[in-house]
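Note sheet for the following structure.
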2 protein chains.
Amino acid sequence: MKKDLFGICPYTTAQKILSGKWTLLILYLLSCQTMRFNELQRALAHMTQATLAKQLHLMEDNGLIIRKAYNQIPPKVEYSLSELGLKFLPVLTALESWGNDYIEYLKARE
Amino acid sequence: MKKDLFGICPYTTAQKILSGKWTLLILYLLSCQTMRFNELQRALAHMTQATLAKQLHLMEDNGLIIRKAYNQIPPKVEYSLSELGLKFLPVLTALESWGNDYIEYLKARE
DNA sequence: CCGGATCCTCTGGGATACTG
DNA sequence: CAGTATCCCAGAGGATCCGG
């Protein structure tokens, strides 16, 4: 029983879910619009296909995003925010503002 | 030059800073009150001294918290939020709400 | 076009023991 | 009381190749 405090606390829960290296960025991209796999890949030019696919699956399993596959040739898959993902928007907004503050701080620090 | 997009983006920046496993929780605790090392340790019963010390140093280096040491015997060290840490409070609030939503979601899921 | 399957690497987190 | 010093390990991230 090491779940006495965990799983109940919103902060540890959030930390776990958001721990993926690209989670925030993907959530942001999808908050702007539904995107296909290829579009995401282009937007995130620094990660490989495999990594992106893994991240997306993780986020789907966690209920953050929705994957919609069209059964056709050539394949087409669209990713969008789930209900939980939409609820995350306020966090994203606050985070963006703070991130920018932090970048300012970094500049002033040098 | 792989920093073309990184270091400029508020999301990746935030992701990097917040990636520590206990960062959010510590920020929350310190948002309630300034705390001594021992108090934090008791509040976070699941992490060892070494891990806590490392986390705190990291967060201090990142400019999130302030460490104030009193030169006395027995030693006394107090941790509090820095200016940047205080600016993080809105995120924390939004995150708490979302975390609770997520916990509800998990329950309903079973 | 959108992945799955493997393998490999690296580092954050933790256990344990010691100290001013 | 508030740490430091070591050592260790799982697991996330990534590279590469293959497939429907």
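Numbers restart at 1 for each chain; the letters A, B, ... are given by sequence-line order, proteins then strands.
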Closest listed nucleotide, where the reference is the side chain of Pro75(A) and the choices are dG14(C), dC2(C), dG13(D): dC2(C)

Just one of Ile65(B), Ile17(B), Asn62(B), Leu64(B) clears the side-chain contact (heavy atoms from CB on, under 4.5 Å) bar with Thr23(B), so which one? Leu64(B)

When Leu86(B), Leu89(B), Ile26(B) are each screened for side-chain contact (heavy atoms from CB on, under 4.5 Å) with Ser31(B), the one that passes is Leu89(B)

What integer distance in Å separates [X]:[atom1] from [N]:[atom2]?
X: Gln55(A); N: dG14(D); atom1: CD; atom2: C1'; answer: 12 Å
X: Gln72(A); N: dG20(D); atom1: CD; atom2: C1'; answer: 14 Å
X: Lys54(A); N: dA15(D); atom1: NZ; atom2: P; answer: 11 Å
X: Glu60(B); N: dA2(D); atom1: CD; atom2: C1'; answer: 14 Å
X: Asn62(B); N: dG12(C); atom1: CG; atom2: C1'; answer: 14 Å
X: Leu58(A); N: dG4(C); atom1: CG; atom2: P; answer: 12 Å
X: Leu52(B); N: dT4(D); atom1: CG; atom2: P; answer: 11 Å
X: Phe37(A); N: dC2(C); atom1: CZ; atom2: P; answer: 7 Å

Using OP1 and OP2 only, check whether a side-chain N or O of [X] sits under 4.0 Å from [N].
X: His57(A); N: dG4(C); value: yes
X: Arg36(A); N: dC2(C); value: yes
X: Gln49(A); N: dC2(C); value: no
X: Tyr79(B); N: dC1(D); value: no
X: Lys21(B); N: dG14(C); value: yes

Are Thr13(A) and Lys16(A) packed together at the side-chain level, in the sense that at least one heavy-atom pair is separated by less than 4.5 angstrom? no

Using only heavy-atom distances, determine whether the side chains of Glu96(B) and Tyr28(B) contain a donor-acceptor pair under 3.5 Å. no

Examine the side chains of Glu83(A) and Tyr105(B) and answer whether a donor and an acceptor come within less than 3.5 Å of each other. no

Is [X] touching bases, backbone alone, or none of the nucleic acid, heavy atoms closer than 4.0 Å?
X: Gln41(B); answer: nothing
X: Lys76(B); answer: sugar-phosphate
X: Tyr70(B); answer: nothing

DNA chain C nearest-nucleotide lookup for Ala50(A) and Val77(A): closer to the 5′ end is Val77(A)

Residue whose closest nucleotide on DNA chain D lies nearer the 5' end, Ala53(B) versus Asn38(B): Asn38(B)

